[in-house]
2 protein chains.
Amino acid sequence: MSPKVSKEHKEQRRAELLEAAKTVFIERGYERATMKHIMEEANVSRGGLYQYFSSKEDVYEAILKEGLETAMEDTEEVLKKEELTHWALLMKRLFGEEQELDEMDPMAPSNLEFFITGRNDERRRKYGKERYFYGLSIYHDVIKKGQESGEFSSKFDSEMIARSIISFVDGLALDYAILDREDIKLKEQSIMFIEYLKMALEVKE
Amino acid sequence: MSPKVSKEHKEQRRAELLEAAKTVFIERGYERATMKHIMEEANVSRGGLYQYFSSKEDVYEAILKEGLETAMEDTEEVLKKEELTHWALLMKRLFGEEQELDEMDPMAPSNLEFFITGRNDERRRKYGKERYFYGLSIYHDVIKKGQESGEFSSKFDSEMIARSIISFVDGLALDYAILDREDIKLKEQSIMFIEYLKMALEVKE
DNA sequence: TTGAAAAAAGACACGGGTGTCGTTATAATG
DNA sequence: CATTATAACGACACCCGTGTCTTTTTTCAA
């Protein structure tokens, strides 16, 4: 009846495995990474790993889920500070609390890979769609509210602006994946895109 | 000494194989496609296929090369009609002669896949970089000339605008790959991006 | 300290994709 | 029509990743 190992320990182990898996995925990408690589990185046997995850896809989905959860928490966090303008809020959602325009989530390339290589798989496709529309709603929300409050111009459709943000973010992540750091100009491109947004929303600042 | 089959026939055969391969790649994507799939699609044996191509990567590079060549020819074509404004030229380069805003190269998803999954491979990385900078120069060129001629505003750096075009195109291709046709809104997003460009370049039209 | 139950280990068989190689069919040439 | 180069065939052996299954070890509770 009673479990032979504490729940805390199990969760701890699981977290360790996920951490190791992340390292592997960042290094090798989703497709080229194997369960064996993860076992080696985590210093665990085949059986040990399969105790927690039933496949590579299973591991990856756990990482994605975790990432989404922390992202949602961060969004909550930002929302609490209600003194912000909609524009500041939008910028925070785009580039995070620290506004690091030249940083990129190291998992971003693998994430793209995961969804693009699995685009013919119904399960993964559905999952990708969910994430897309969740991301869309995040941006759409604040833009719409900004327009309603009069802070933003309503010249353009809020949804299309929100969609353009996603495309921009995805495109940047893609180029980041393929090109060398110095070739991509993350910061300058982000600034350029911010200018587009300023013009479209007629933000003074 | 003398070849036992005409050169034309050989080239014809090769073209057929490439055509079949394209069909397969469009259907299954790069990673999930196998040489066997291509053999079946082309009604050719293993030996027959390997007569022309030494690996899947080899096949794909041939397709990419072909695509790039026709793209360059198209660009030449457009350049000949010198009566165009720089803006019209830019639009043609972005969306082709027909300005079909809701069309997407069916190979685009596989192309992204090819480069993103191979991002740790030196050869493929180098190849991707070449293509990026070639694409960049195409857009950069016309924007710079437009600015120099006074047709475009020089408020923003021509290179960054050109880069933003690539990111946009890549991001759109990515979303096209992952989402269903009806979820993506190709046309509306293209129009939105054109508006960004119009504002940045201060184009009346 | 001992026993039970679960976690971790690692050997194993399987499947699937790859590229090669000896053989056969075919097309050009004399 | 015969010859010969080579295109096309398809069997084969190889490799590698996967997930399972049996065995061993560890942990907790009595």
Side-chain angles (χ1 to χ4, degrees), chain A residues 1-21 23-25 27-63 110 113-114 117-118 120-121 123-124, chain B residues 1-21 23-25 27-63 110 113-114 117-118 120-121 123-124:
Chain A
M1 249 345 180
S2 54
K4 285 294 157 187
V5 81
S6 72
K7 201 174 176 186
E8 294 76 43
H9 181 267
K10 245 183 120 173
E11 279 173 3
Q12 161 87 12
R13 195 93 184 86
R14 197 184 131 97
E16 278 170 28
L17 292 176
L18 282 185
E19 209 45 51
T23 305
V24 170
F25 285 127
E27 226 166 60
R28 321 183 87 102
Y30 181 73
E31 286 292 324
R32 299 230 187 297
T34 69
M35 290 298 257
K36 208 167 168 208
H37 292 138
I38 299 175
M39 292 183 269
E40 279 159 11
E41 180 67 33
N43 279 318
V44 76
S45 70
R46 197 158 201 83
L49 179 55
Y50 274 87
Q51 186 77 15
Y52 291 85
F53 304 99
S54 64
S55 66
K56 189 171 74 166
E57 182 157 7
D58 192 25
V59 175
Y60 207 83
E61 285 186 11
I63 293 175
S110 302
E113 204 187 333
F114 180 78
T117 59
N120 287 329
D121 178 82
R123 175 185 171 75
R124 223 180 279 183
Chain B
M1 248 351 181
S2 53
K4 286 294 156 185
V5 81
S6 74
K7 199 174 176 183
E8 294 76 43
H9 181 268
K10 247 183 118 173
E11 280 172 3
Q12 161 88 13
R13 194 96 185 85
R14 194 184 133 98
E16 279 171 29
L17 292 176
L18 283 185
E19 210 46 51
T23 305
V24 170
F25 286 128
E27 227 166 57
R28 320 183 87 103
Y30 181 73
E31 286 291 324
R32 300 232 186 296
T34 69
M35 289 299 256
K36 209 169 170 204
H37 292 138
I38 299 175
M39 292 181 249
E40 280 159 12
E41 180 68 31
N43 279 320
V44 75
S45 69
R46 195 157 203 83
L49 178 55
Y50 274 86
Q51 186 79 16
Y52 291 85
F53 304 99
S54 63
S55 64
K56 187 170 74 164
E57 181 157 8
D58 192 24
V59 175
Y60 207 83
E61 284 185 14
I63 294 175
S110 302
E113 205 187 332
F114 180 78
T117 58
N120 288 329
D121 178 81
R123 176 184 171 75
R124 223 181 277 183

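Chain letters run A, B, ... following the sequence lines, proteins first, then strands; residues in each count from 1.
- Two residues are said to be in side-chain contact when any heavy atoms from C-beta on lie closer than 4.5 Å; Gln51(B) and Lys10(B) fail this criterion.
- dA7(D) atom P lies 10 Å from atom NE2 of His9(B), rounded to whole Å.
- When rounded to the nearest whole Å, the span between NZ of Lys10(A) and C1' of dA7(C) equals 9 Å.
- A 4.5 Å side-chain heavy-atom check between Leu18(B) and Phe53(B) finds at least one atom pair inside the cut-off.
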Legend entry - Test salt bridge (charged side-chain N to carboxylate O under 4.0 Å, His left out) applied to Arg123(A) and Glu61(A), step by step: CA-CA 11 Å; Arg123(A) 175 185 171 75; Glu61(A) 285 186 11; 2.6 Å; yes
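- A 4.5 Å side-chain heavy-atom check between Val44(A) and Arg13(A) finds at least one atom pair inside the cut-off.
- Across the helix from dT1(C)-dA30(D) to dG30(C)-dC1(D), the helix axis at one end is tilted relative to the axis at the other end by 0° (nearest 10 degrees, each axis from five pairs).
- Straight-line distance from the CD atom of Glu16(A) to the P atom of dA7(C): 15 Å, rounded to whole Å.
- The OH-C1' distance, from Tyr50(B) to dG22(C), rounds to 18 Å in whole Å.
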Inset, instruction - Test Thr117(A) against Glu113(B) for side-chain hydrogen bond (donor to acceptor under 3.5 Å, both in side chains), laying out the working first. - result: CA-CA 7 Å; Thr117(A) 59; Glu113(B) 205 187 332; 5.5 Å; no
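- Atom CD of Gln12(A) and atom C1' of dA7(C) are 15 Å apart (whole Å).
- Applying the 4.0 Å criterion to OP1 and OP2 of dG17(C), one finds that Arg32(B) has every side-chain N and O outside that range.
- Closest of all the heavy-atom pairs between Ala20(A) and Ala42(A) is CB-CB, 3.6 Å.
- Checking the phosphate oxygens (OP1, OP2) of dA8(D), a side-chain nitrogen or oxygen of Tyr52(B) falls inside 4.0 Å.
- Within the 4.5 Å cutoff, the side chain of Met35(B) has heavy atoms near those of the Met39(B) side chain.
- Near DNA chain D, meaning a heavy atom under 4.0 Å from it, residues 35-48 of chain A has Met35(A), Arg46(A) in order of number.
- Between Gln51(B) and the phosphate of dA7(D), there is a side-chain N or O to OP1/OP2 separation shorter than 4.0 Å.
- The side chain of Thr34(B) has dT18(C) as its nearest neighbour among dA8(D), dT18(C), dG17(D).
- Taking all atoms of both residues into account, the shortest heavy-atom contact from Ala21(B) to Val59(B) is CB-CG1, 3.6 Å.
- The nearest whole Å value for the distance from the CG atom in Leu49(B) to the C1' atom in dG10(D) is 13 Å.
- When every heavy atom of Glu57(B) is checked against every heavy atom of Tyr30(B), the shortest pair comes out as CA-OH, 3.3 Å.
- The CG atom of Leu17(A) sits 13 Å away from the P atom of dA7(C) (whole-angstrom rounding).
- With rounding to whole Å, Phe53(A) atom CZ is found 16 Å from dT20(D) atom P.
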